[in-house]
Amino acid sequence: MTILATLKISETNLDELATRSGAIAIFVTPEGKLDTAARKLNSLSKKVIMRLVESAQFEKVKTGDAISLTFPAGIAAAKVIVVKLGRRPSVYDARKAGASIAKVRGQEDVLILGGHIGRMEDVAIGVALRSYTFTPHKTGDKDALGKIEVMVAAPDDLKAVADVAMAVAQGVIFTRDLTNEPANILTTTEFSDRLVELESLGMKVEVLEEDALENLGMGSLLCVGLGSASPSKVVVMQWNGGGDESPFALVGKGVVFDTGGISLKSAGGMEDMTMDMGGAGVVAGVMKTLALRKAKTNVVGLVGLVENMPSDRATRPGDVVTSMKGDTIEVINTDAEGRLVLADVVWYAQERFKPTGLINLATLTGAVIVALGHENAGVFSNNDELTKDFMKAAAAEGEGAWRMPMSAAYDAALKSRIADMKNVGGRDAGAIIAAQFIKRFIKDDMPWIHLDIAGVASVKSETALAPVGATGWGVMALNRLITNCYEK
Ligand code: BES
Ligand code: MN
Ligand code: ZN
């Protein structure tokens, strides 16, 4: 597990600047203004900071970007990181500034001189998220990341919001760790074990094993894991911080590895299917954040954990299975397995918890990547108001999301000759048809969003706040949605 460095918050103390080791980050406004601490550092270091600030090079630096000065004279610090940032930055710019600091600080301790600049909690989120690397399987140099300290004029104000900010960062990092983990390590059992550990934060966690799933009639979910040695499971996480009101429900696709099954995928890039549990990873991350910040709300998180493997016991193309809802499904393509998992888990979530709304997340289709690339998740919904609230939350967090159409016209593609439906349509509109499939398992009046995160859960080039690999996309947006709309 990646441990987040603790964030220390202290009152600005000019006497410490000369002797601090590691890196020191300062902020310069676009107009070239330095605060008291930065000015002190400038005079200690023979005005090297002002030389940079007055240079043509600094003029070209964008808001939130940084330049680092190495081994400046006159101070003990090995680096001064000069960040361009206004006094009242947007959430996005503040986090970008934090990410810029993270990129140049290396493993070193970093002291951030926040002075009177706002949103230092978001700068801290940026540092924490962009400092992340996934190292459990590297045997070589594994130095722990250095400490983060922020010095500000009013430390108590910052302390009040920093705990929530770090709860968010820890949720994102939990998601990334799960999503980056290879499938021989993160089996269905290892995944559920890691979720059970959330009990130490006051969460109620139940693991439903195969016999329980059989008794519930989850023939759709269970058919996916038949070919695997790892047992299928559903894990139910309940955060009850809101009294006896009905919960909001989050549901995640947790395919720990997707070979395609008998409809085997081609070899190229198949290793990426280790992240096919990314939806479940996001649900786990949000639940962790809610527990860490002791959210005053009820949220239930459910994940369907299975492995999609070919074997003599695996589901065959043409097999017909019966879902918990009772509808029968002809499995035309065993590689369209995510929807089979979600069908039963969303139905169970609605039957058992009567939630006020339900959002499911899944790395569901390659088609959504064709449509939206890696910038936006696909948003599919039966409810304009919930969608509006979610889109607002996602935009505020800088997590790309784009609403896609749904309509009954697409349902014709799912007609089966011998069962109530088949699990794939044609090649066209693949992401929409997958959403139409899930919608059949959503009750008519249930506010619902399906997020297809195949393009955003894990990326091949770095994003603003994440290195290559798992991003944790969605944890921040969902946490904000819950804060804004479902919390007292
Ligand atoms: N897990 C994949 C979708 C996926 C593809 C996620 C690429 C991330 C990157 C999903 O289970 C799948 O195989 N979908 C098929 C559906 C098809 C058989 C209808 C696909 O998208 O090709
Ligand atoms: Mn698949
Ligand atoms: Zn899959």
Side-chain angles (χ1 to χ4, degrees), residues 179-180 183 186 188 191 220-221 223-228 230 232 251-282 303-310 314-319 329-345 360-378 380 404 410 413-414 416 421-438 450-461 468-471 473-474:
T179 306
N180 279 324
L186 195 78
T188 54
F191 199 154
S220 181
L221 177 144
C223 86
V224 177
L226 290 179
S228 170
S230 293
S232 300
V251 174
K253 166 181 173 180
V255 176
V256 295
F257 196 79
D258 181 12
T259 64
I262 298 297
S263 312
L264 194 63
K265 288 182 182 296
S266 54
M270 201 202 276
E271 68 280 8
D272 292 341
M273 284 304 120
T274 184
M275 50 64 103
D276 209 22
M277 35 52 66
V282 174
V303 292
L305 307 181
V306 301
E307 185 177 40
N308 190 17
M309 294 288 259
T315 296
R316 294 156 287 255
D319 284 2
I329 304 161
E330 185 186 7
V331 181
I332 298 293
N333 189 322
T334 64
D335 197 12
E337 84 297 341
R339 62 199 76 183
L340 297 173
V341 173
L342 288 173
D344 277 339
V345 186
N360 72 257
L361 299 103
T363 49
L364 203 65
T365 66
V368 84
I369 310 177
V370 174
L372 299 173
H374 302 279
E375 309 304 325
N376 287 287
F380 302 84
M404 301 283 281
Y410 294 99
L414 292 172
S416 162
M421 70 193 85
K422 52 185 186 180
N423 75 331
V424 292
R427 213 170 57 94
D428 298 341
I432 303 172
I433 287 170
Q436 292 291 143
F437 182 95
I438 299 167
H450 153 55
L451 296 171
D452 193 335
I453 61 169
V456 295
S458 183
V459 291
K460 298 250 185 271
S461 46
V468 172
T471 61
W473 182 99

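Just follow the structure's listing: the first ligand is 1, and inside any ligand the first atom is 1.
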Would you say T315's side chain and V331's backbone share a donor-acceptor pair under 3.5 angstrom?
-> no
Nearest to atom 12 (C) of ligand 1, what protein heavy atom do you find, and at what distance?
-> D335 O, 3.2 Å
E375 atom CD, over 12 foreign heavy atoms within 6.0 Å | no
If you take all heavy atoms of A183 and F257, which pair is closest and at what distance?
-> CB-CB, 3.6 Å
Within-cutoff protein neighbour (heavy atom, under 4.0 Å) for atom 22 (O) of ligand 1 | no
For F191 and G281, which heavy atoms make the closest approach, and how far apart are they?
-> CZ-N, 4.1 Å
Degrees at the Zn ion (ligand 3) between the OD2 atom of D258 and the OD2 atom of D276, nearest 10° | 90°
Is there a nitrogen or oxygen of T365 sitting under 3.5 Å from a nitrogen or oxygen of ligand 1?
-> no
Below 4.0 Å from any atom of ligand 1, is there a heavy atom belonging to I369?
-> yes
Taking atom CZ of R339 and atom CG of N360, what is their separation to the nearest 0.5 Å?
-> 12.0 Å
Check whether any side-chain N or O of N308 sits under 3.5 Å from a backbone N or O of G225 as a donor-acceptor pair, and report yes or no.
-> no
Proximity winner for atom 8 (C) of ligand 1, if only heavy atoms of R427, M273, R339, E337 are counted = M273
May I ask you to list the atoms of ligand 1 that are less than 4.0 angstrom from any heavy atom of K253?
-> 1 (N), 10 (C), 11 (O)
Among all protein heavy atoms, pick out the one at the shortest distance from atom 10 (C) of ligand 1; state its residue, atom name and that distance to 0.1 Å.
-> L364 O, 3.3 Å
Looking at D258, the N, O or S atom sitting nearest the Mn ion (ligand 2) is OD2
So which protein heavy atom does atom 2 (C) of ligand 1 come closest to, and at what separation?
-> D258 OD2, 3.6 Å
Using a cut-off of strictly less than 2.8 Å, determine whether V255 has an N/O/S atom near the Zn ion (ligand 3).
-> no
Starting from atom 18 (C) of ligand 1, find the nearest protein heavy-atom neighbour and note its residue, name and distance.
-> N333 ND2, 3.5 Å
Of all the N, O or S atoms in E337, which one sits nearest to the Mn ion (ligand 2)?
-> OE1
Near V424, which atoms of ligand 1 are under 4.0 Å from a heavy atom of that residue?
-> 19 (C)
For the student: nearest non-hydrogen atoms of K422 and I332, plus distance = CB-CG1, 3.6 Å
Looking only at non-hydrogen atoms, find the nearest pair between G260 and T334 and report the distance.
-> O-OG1, 2.6 Å
side-chain contact (heavy atoms from CB on, under 4.5 Å) between V306 and V256, intermediate numbers included = CA-CA 6 Å; V306 301; V256 295; over 6 Å; no
Backbone N or O of E330 within a donor-acceptor pair of the D319 side chain at under 3.5 Å?
-> no
Report the name of the N/O/S atom of E337 located nearest to the Zn ion (ligand 3).
-> OE2
Side chain H374, main chain V456, donor-acceptor under 3.5 Å | no
Among protein heavy atoms, which lies nearest atom 1 (N) of ligand 1, and at what distance?
-> D276 OD1, 2.8 Å
Which atoms of ligand 1 have any heavy atom of T363 under 4.0 Å away?
-> 1 (N), 2 (C), 3 (C), 6 (C)
Please indicate whether any nitrogen or oxygen in G366 is less than 3.5 Å from any nitrogen or oxygen in ligand 1.
-> yes
